[in-house]
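Step one of this worksheet: look at the structure below.
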Amino acid sequence: MMLSQAVIPEMRKVGGGRIINIGSTGSLGAEPGFGAYTATKLGLVGLTKTLAAEFGSDGILCNTVCPGYIATDMHTVANVRLAGENDISIEEMKRRRYECVAMRDAGLPIDVANAVAYLAGPQANYVTGINLPVTGGVPFGI
């Protein structure tokens, strides 16, 4: 929010720009054990939609990319924590978590980067106020 407040005046001066926030599947639904995380990501979605509505006429497009299970250090830490809490192996935890993923595996950071590049590029000149899931097919409301 503070970064958006800082850059919007400059974007208005130059006739527009792009704000691309990074949400998560927590922006789209909920997963047990991640209450605070989900609440903050849902707030980010509200901010994105508000900025899109308020500044679209200034040529400022605002969207959120919502990654699902992406093979990052943060994701590994979550799998380890959940495996310990459930007294199961990390491999079993991954199997359980990925059951709801159509592709049955975690995505890669490049998958998220490609979504950001799309929203930053000319192909998305008329796209604003959306949440773009990069989830491998995770249903909403997990």
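In what follows, residues are counted from 1 in the order of the sequence shown. Small disclaimer: the values here were computed from a predicted structure and weren't measured.
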Test: salt bridge (charged side-chain N to carboxylate O under 4.0 Å, His left out). Region: residues 65-84. Which pairs qualify, not counting sequence neighbours?
R81-E85
Between atom CD1 of I70 and atom OG1 of T76, what is the distance when rounded to the nearest 0.5 Å?
12.0 Å
I'd like a table of donor-acceptor pairs (distance under 3.5 Å, sequence neighbours excluded) in which one partner is a side-chain atom from residues 111-119, with atom names and distances.
{"from": "D111", "atom 1": "OD2", "to": "L108", "atom 2": "N", "distance (Å)": "2.8"}
{"from": "N114", "atom 1": "ND2", "to": "I110", "atom 2": "O", "distance (Å)": "3.3"}

Tightest non-hydrogen contact, residues K41 and S27, listed as CB-OG, 3.4 Å
P109 and T72: which non-hydrogen atoms are nearest, and at how many Å?
CG-CG2, 4.2 Å
Go through the structure and list residues passing side chain to side chain donor-acceptor pair (under 3.5 Å) with E99, not counting sequence neighbours.
R95
Grouping I, L, V, M, F, W and Y whenever their side-chain heavy atoms are under 4.5 Å apart, do L51 and L3 come out in a common cluster?
yes
Can you name the closest pair of heavy atoms from A120 and I20 and give their distance?
N-CD1, 3.7 Å
Closest non-hydrogen atom pair between P67 and G23, with its separation
CD-O, 3.3 Å
Hey, what else clusters with M74 if you join Ile, Leu, Val, Met, Phe, Trp, Tyr whenever side-chain heavy atoms sit under 4.5 Å?
F34, Y37, L82, I88, M93
If you group Ile, Leu, Val, Met, Phe, Trp and Tyr by side-chain heavy-atom gaps below 4.5 Å, do M1 and L42 land in one group?
no
Residue pair I8, I60: steps toward the side chain to side chain contact (heavy atoms under 4.5 Å, CB included) verdict:
CA-CA 8 Å; I8 287 172; I60 299 170; 3.9 Å; yes
With sequence neighbours left out, what residues match N131 under side chain to side chain contact (heavy atoms under 4.5 Å, CB included)?
L28, V45, K49, T64, C66
Tell me the closest heavy-atom pair linking N63 and G129, and the distance in Å.
OD1-N, 3.0 Å
List the residues meeting salt bridge (Lys or Arg N to Asp or Glu O under 4.0 Å) with R104, not counting sequence neighbours, and say none if there are none.
none
Using a 4.5 Å cut-off between side-chain heavy atoms of Ile, Leu, Val, Met, Phe, Trp and Tyr, which other residues end up in the same hydrophobic cluster as V80?
I90
Side-chain heavy atoms nearer than 4.5 Å, only ILVMFWY residues, links allowed to pass through others: does that put L47 and L61 together?
no
Residues at least two apart in sequence or cross-chain that pass side chain to side chain contact (heavy atoms under 4.5 Å, CB included) with S57, listed by chain then number, are none
E54: salt bridge (Lys or Arg N to Asp or Glu O under 4.0 Å) partners, not counting sequence neighbours
none
Applying salt bridge (charged side-chain N to carboxylate O under 4.0 Å, His left out), which residue pairs with at least one partner in residues 117-129 are found, sequence neighbours left out?
none
Starting at CG of N79, measure out to OH of Y69 and round the result to the nearest 0.5 Å.
8.0 Å
Restricting to pairs with a member in residues 4-24, which pass side-chain hydrogen bond (donor to acceptor under 3.5 Å, both in side chains), not counting sequence neighbours?
E10-K13, R12-D58, R18-N125, N21-T48
